[in-house]
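These figures come from a predicted structure and were not determined experimentally.
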Amino acid sequence: MSDTIIEVRGVNKSFGGVVANKDISLTVERGSITGLIGPNGSGKTTLFNSIVGLYPIDSGSILFEGREISRMNVQSIARLGLLRTFQQTRIFSKMDCIQNMLVSLPHRQSAWSDMFRKYPPELCDKAEHLLEFVGLYSKRKLTAGSLSFGQQKLLEFAMALMNEPQALLLDEPTAGINPTLINGLIDRLKRANREYGITLFVIEHNMRVIMNLADHIYCMAFGQLLASGAPADVKDDPRVIDAYLGAAA
């Protein structure tokens, strides 16, 4: 089996006359935690949306485990084991945490009446285990809407784990989270990578977080790849400093 789990080859994506991604080529290695940084508007989220099938690309190709997926829809890609989370959480605010976990499974989403039926005990046990893993076990019977934003992000992360992904794309997982929760989230991301073998591809603006988390980092600016390499090398790259870190400072 190849060491590359996600491969992006010469991907281009435009919205009208605006070029969001221009000739993007990159690889994400199996079992890695790979970071994607860059200023707002650099095309990072567009690239994520294209990888998971939310946006059709204009040209190029995207492979997952060696299989071309750039013409597949979101549901088909998800069934292969490639999922993503979002900057703004996508949860069911009036349902409790356990119910959110259970309806996150694709076969449950198609039958809303299942919400009112007894779920198989093994699924309930799995949901409770994963809520404990992300630190939400004590909140399991509370409605998701009553959780803090940071806790909602942890719930969404647990919902993704419920589907046993091979690779998970996370879009700014620490944005809007209370700083006291960030270290715990970093630890859980590392544990998910280590204990469950999930490859993580992470967009993150917090440089302290991404330097602590990632094995390899890509930097984008103006819709193009600017640099890639080990975190320390990318951080010290003059092009990255000029286009992103210097502006942020």
Side-chain angles (χ1 to χ4, degrees), residues 1-88 90 106 160 163 165-173 175 193 198-205 210 213-231 233-234 237 239-240 242-245:
M1 189 176 292
S2 170
D3 288 337
T4 298
I5 191 167
I6 299 171
E7 184 173 3
V8 176
R9 298 176 177 173
V11 162
N12 293 280
K13 177 62 182 177
S14 297
F15 299 94
V18 178
V19 178
N21 290 156
K22 183 177 180 181
D23 196 29
I24 301 293
S25 294
L26 58 80
T27 58
V28 175
E29 298 305 302
R30 186 183 310 277
S32 71
I33 302 179
T34 300
L36 182 59
I37 65 172
N40 290 330
S42 59
K44 305 183 300 297
T45 294
T46 295
L47 179 63
F48 268 27
N49 285 337
S50 297
I51 290 173
V52 299
L54 283 169
Y55 293 163
I57 60 176
D58 299 330
S59 61
S61 64
I62 301 171
L63 287 78
F64 179 64
E65 296 194 308
R67 177 175 180 172
E68 174 66 55
I69 61 170
S70 59
R71 305 303 173 205
M72 295 172 64
N73 61 33
V74 175
Q75 293 77 17
S76 298
I77 292 173
R79 282 194 289 269
L80 295 177
L82 177 57
L83 302 177
R84 69 157 296 177
T85 64
F86 294 83
Q87 294 177 28
Q88 297 299 319
R90 297 191 174 188
N163 288 269
Q166 297 299 309
L168 179 60
L169 281 55
L170 298 114
D171 197 343
E172 298 192 40
N193 171 253
I198 301 172
T199 302
L200 302 178
F201 193 14
V202 185
I203 294 174
E204 184 54 64
H205 281 290
I210 202 65
L213 188 63
D215 310 310
H216 187 95
I217 293 178
Y218 291 97
C219 181
M220 290 181 64
F222 308 108
Q224 302 180 70
L225 274 182
L226 195 63
S228 69
D233 294 337
V234 172
D237 190 308
R239 297 167 298 174
V240 176
D242 289 344
Y244 180 46
L245 299 179

- Query: According to the interplanar angle, ranging from 0 to 90°, do the rings of Phe48 and Phe201 count as parallel (below 30°), tilted (30 to 60°) or perpendicular (above 60°)?
  - Reply: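 Because their plane-to-plane angle lies in the 30° to 60° range, the rings of Phe48 and Phe201 count as tilted.
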- Quickly, which of Leu54, Ile69, Ile51 forms a side-chain contact (heavy atoms from CB on, under 4.5 Å) with Ile77? Name it, please.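 Answer to the side-chain contact (heavy atoms from CB on, under 4.5 Å) test with Ile77 among Leu54, Ile69, Ile51: Ile69.
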- Given Leu36, Val8, Val234, the one that forms side-chain contact (heavy atoms from CB on, under 4.5 Å) with Tyr218: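 Filter result, single survivor: Leu36.
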Which heavy-atom pair separates [X] from [Y] by the least distance, and what is that distance?
| X | Y | value |
| --- | --- | --- |
| Leu170 | Pro173 | O-CD, 4.0 Å |
| Thr34 | Ala214 | C-CB, 4.4 Å |
| Ile6 | Ala167 | CD1-CB, 4.3 Å |
| Ser228 | His216 | CB-NE2, 3.7 Å |
| Ile203 | Thr45 | CD1-N, 3.8 Å |
| Glu29 | Thr4 | OE2-OG1, 3.2 Å |

- Query: Considering residues at least two apart in sequence or located in another chain, which fulfil the ring pair (Phe, Tyr, Trp, His ring centres under 6.0 Å) criterion with Phe64?
  - Reply: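 Expected list: none.
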Sequence-distant partners of [X], side chain to side chain contact (heavy atoms under 4.5 Å, CB included), two or more places apart:
| X | value |
| --- | --- |
| Asp237 | Ala227, Arg239, Val240 |
| Ser76 | Met72, Asn73, Arg79 |
| Ala175 | Lys153, Glu172 |

- Task: Please identify each residue that fulfils salt bridge (charged side-chain N to carboxylate O under 4.0 Å, His left out) with Arg71, with sequence neighbours left out.
- Result: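 None.
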- Query: Mind checking whether Ile5 and Gln166 have side chains closer than 4.5 Å, heavy atoms only?
  - Reply: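 Answer yes - side chains close enough.
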- Query: With a 4.5 Å limit on heavy-atom distance, are the side chains of Leu82 and Glu65 in contact?
  - Reply: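 Heavy-atom side-chain distance check fails, nothing below 4.5 Å.
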Validation: residues 11-21 side-chain donor-acceptor distances under 3.5 Å, sequence neighbours left out:
unit_1, atom_1, unit_2, atom_2, d
Asn12, OD1, Asp23, N, 2.8
Asn12, ND2, Gly10, O, 3.2
Asn12, ND2, Ser59, OG, 3.0
Lys13, NZ, Pro56, O, 2.8
Asn21, OD1, Leu47, N, 3.4
Asn21, ND2, Gly43, O, 3.0

